[in-house]
Amino acid sequence: MRLCVDFFRQDVLVVARSLLGKVLVRCFSDGRVERFLIVETEAYRGEEDDACHASKGRTARTEVMYHEGGVVYVYLIYGMYWMLNIVTGQKDEPQAVLIRGVKNISGPGRVGKVLHLDKSFYGESIVNSSRLWIEDTQEIEDGTVCRTERIGIEYATDEWRNKKWRFEWLLT
DNA sequence: AGACTGATTGGCT
DNA sequence: GCCAATCAGTCTT
């Protein structure tokens, strides 16, 4: 069952936690379909969160984060890695979940690589897309979820850097 | 028009 | 633990 817009309209912290255990589905241009179990996510929440790209304001790059939840935000980092984010929340409420890891593929850069992401995914609807969507498969138990500080945001102030907005599903 | 930066990764010391 | 690879976005001149 494909996740619909009501799921992505929830607050980013709820969505980031709830995406653990869900399945990311990618249908490639040659018709091949691959499925990836989501095991690690991070939440970025609002202009006040100085680790969030939206803290720098509304620009061509961050524009899609201001849309209603349910669209894809991709961007190139370090000149070589496409980061996959899902926009969440209400319109004009810039939030997104970074998909940091799927089963057997650790690290957001490798996620983007295995999914063959590129700029053309910017703004794509994860609710309607025929090449990328998420399926509601199961609810996992809170006891199997680890929360830590977000990775790679050393530039942020303590208040935001210390928030435990990284969610990891501890398998087995 | 030019400089600097970064939600990373893999390889080497 | 350290560092290069590599480039769009953003800010400065």
Side-chain angles (χ1 to χ4, degrees), chain A residues 3 7-8 10-22 24 26 34 36-90 92-126 129 132-134 145-171:
Chain A
L3 287 174
F7 177 87
F8 297 103
Q10 299 177 95
D11 185 84
V12 68
L13 291 170
V14 174
V15 177
R17 160 64 182 82
S18 302
L19 279 177
L20 296 179
K22 300 292 191 286
L24 188 60
R26 174 78 165 96
E34 288 194 21
F36 304 90
L37 189 61
I38 298 173
V39 299
E40 186 182 346
T41 61
E42 272 179 4
Y44 289 86
R45 190 170 186 266
E47 292 184 346
E48 65 274 20
D49 172 8
D50 59 24
C52 179
H53 289 168
S55 67
K56 302 225 175 96
R58 194 164 183 156
T59 66
R61 183 202 205 190
T62 61
E63 176 62 29
V64 78
M65 294 184 83
Y66 291 79
H67 290 211
E68 181 180 57
V71 293
V72 173
Y73 169 41
V74 289
Y75 64 91
L76 188 66
I77 192 70
Y78 301 118
M80 51 174 87
Y81 299 111
W82 287 98
M83 301 283 105
L84 173 61
N85 298 255
I86 314 299
V87 174
T88 66
Q90 306 296 313
D92 293 326
E93 196 176 67
Q95 308 185 333
V97 176
L98 169 65
I99 307 298
R100 277 197 66 85
V102 295
K103 190 175 181 181
N104 299 329
I105 309 286
S106 294
R110 297 188 64 200
V111 170
K113 185 177 179 183
V114 75
L115 292 173
H116 296 187
L117 296 185
D118 58 45
K119 193 169 189 172
S120 73
F121 282 85
Y122 184 89
E124 182 138 331
S125 169
I126 197 95
S129 174
L132 186 67
W133 66 91
I134 298 175
V145 176
C146 176
R147 290 184 61 162
T148 69
E149 293 79 9
R150 293 172 289 180
I151 306 294
I153 56 165
E154 290 73 18
Y155 58 84
T157 57
D158 286 352
E159 177 186 0
W160 300 98
R161 204 177 57 218
N162 294 337
K163 292 194 182 299
K164 296 190 174 180
W165 286 0
R166 170 172 172 257
F167 299 83
E168 189 178 8
W169 185 23
L170 308 172
L171 300 167

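As a basis for the values below, the full set of heavy atoms in this structure was taken, side chains included, without hydrogen atoms, waters or symmetry mates. Because the structure is predicted, anything quoted here is derived from the model rather than measured.
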When you compare the side chain of A:Arg100 with that of A:Arg166, does any pair of heavy atoms fall below 4.5 Å? yes

Looking only at atom C1', what distance separates C:dA8 and B:dG10, rounded to whole Å? 22 Å

Figure out the CG/P separation between A:Asn85 and B:dT8, and round it to whole Å. 11 Å

Of the non-hydrogen atoms in A:Leu20 and A:Glu40, which two are nearest, and what is the gap between them? CD2-N, 3.6 Å

Candidates B:dA7, C:dA8, B:dT9 - which lies nearest the side chain of A:Pro108: B:dT9

Check for me: is A:Tyr81 stacked on B:dT8 by the 5.5 Å centroid and 30° plane-angle rule? no

Take atom NZ of A:Lys56 and atom C1' of B:dG6, then tell me their distance rounded to the nearest Å. 8 Å

In whole Å, measure the gap between the P atoms of C:dC11 and B:dA7 for me. 14 Å

Quick one: the side chain of A:Tyr75 and the base of B:dA7, do they pair up donor-acceptor inside 3.5 Å? yes

B:dC4 pairs with which nucleotide, Watson-Crick or G-U wobble, both distances below 3.5 Å? C:dG9

Within the 4.0 Å heavy-atom criterion, would you say A:Gly79 contacts the bases, only the backbone, or no part of the nucleic acid? base

Would you mind reading off the distance between A:Ile77 atom CD1 and B:dC4 atom P, rounded to a whole angstrom? 18 Å

Measuring to OP1 and OP2 of B:dT8, would you say a side-chain N or O of A:Arg100 lies under 4.0 angstrom away? yes

Within less than 4.0 Å of OP1 or OP2 of C:dC7, is there a side-chain N or O belonging to A:Lys119? no

Check for me whether the distance between the ring centres of A:Tyr73 and A:His67 falls short of 6.0 Å. no

Would you mind telling me which of B:dT9, C:dA5, B:dA7 lies closest to the side-chain atoms of A:Met80? C:dA5

Just the rounded figure in Å: distance from P of B:dA7 to CG of A:Asp50. 12 Å

Nearest-Å distance for atom pair CD/C1', residues A:Glu154 and C:dC2: 15 Å

A:Val102 vs A:Leu37 side-chain heavy atoms within contact, under 4.5 Å: no

Check the distance between C:dC11's P and A:Tyr155's OH and give it to me in whole angstrom. 14 Å

Pair assignment for C:dG1, Watson-Crick or G-U wobble, requiring both distances under 3.5 Å: B:dC12

Is there side-chain contact between A:Thr41 and A:Lys22, with at least one heavy-atom pair below 4.5 Å? no

What is the distance, to the nearest angstrom, from the CE atom on A:Met65 to the P atom on C:dG9? 15 Å

Picking from C:dG9, B:dG6, B:dT9, the nucleotide nearest the side-chain atoms of A:Arg61 would be C:dG9

State whether A:Tyr78 places a side-chain N or O below 4.0 Å from either non-bridging phosphate oxygen (OP1 or OP2) of C:dA4. no

Sorted by position of nearest nucleotide on DNA chain B, 5' first, the leading residue of A:Arg110 and A:Ile151 is A:Ile151

Per the side-chain hydrogen bond (donor to acceptor under 3.5 Å, both in side chains) rule, which among A:Glu47, A:Arg58, A:Gln95 passes with A:Tyr66? A:Glu47

Can you tell which of B:dA7, C:dA8, B:dT8 lies closest to the side chain of A:Leu76? C:dA8

Whole-Å distance separating the CG atom of A:Leu117 from the P atom of C:dC7: 17 Å

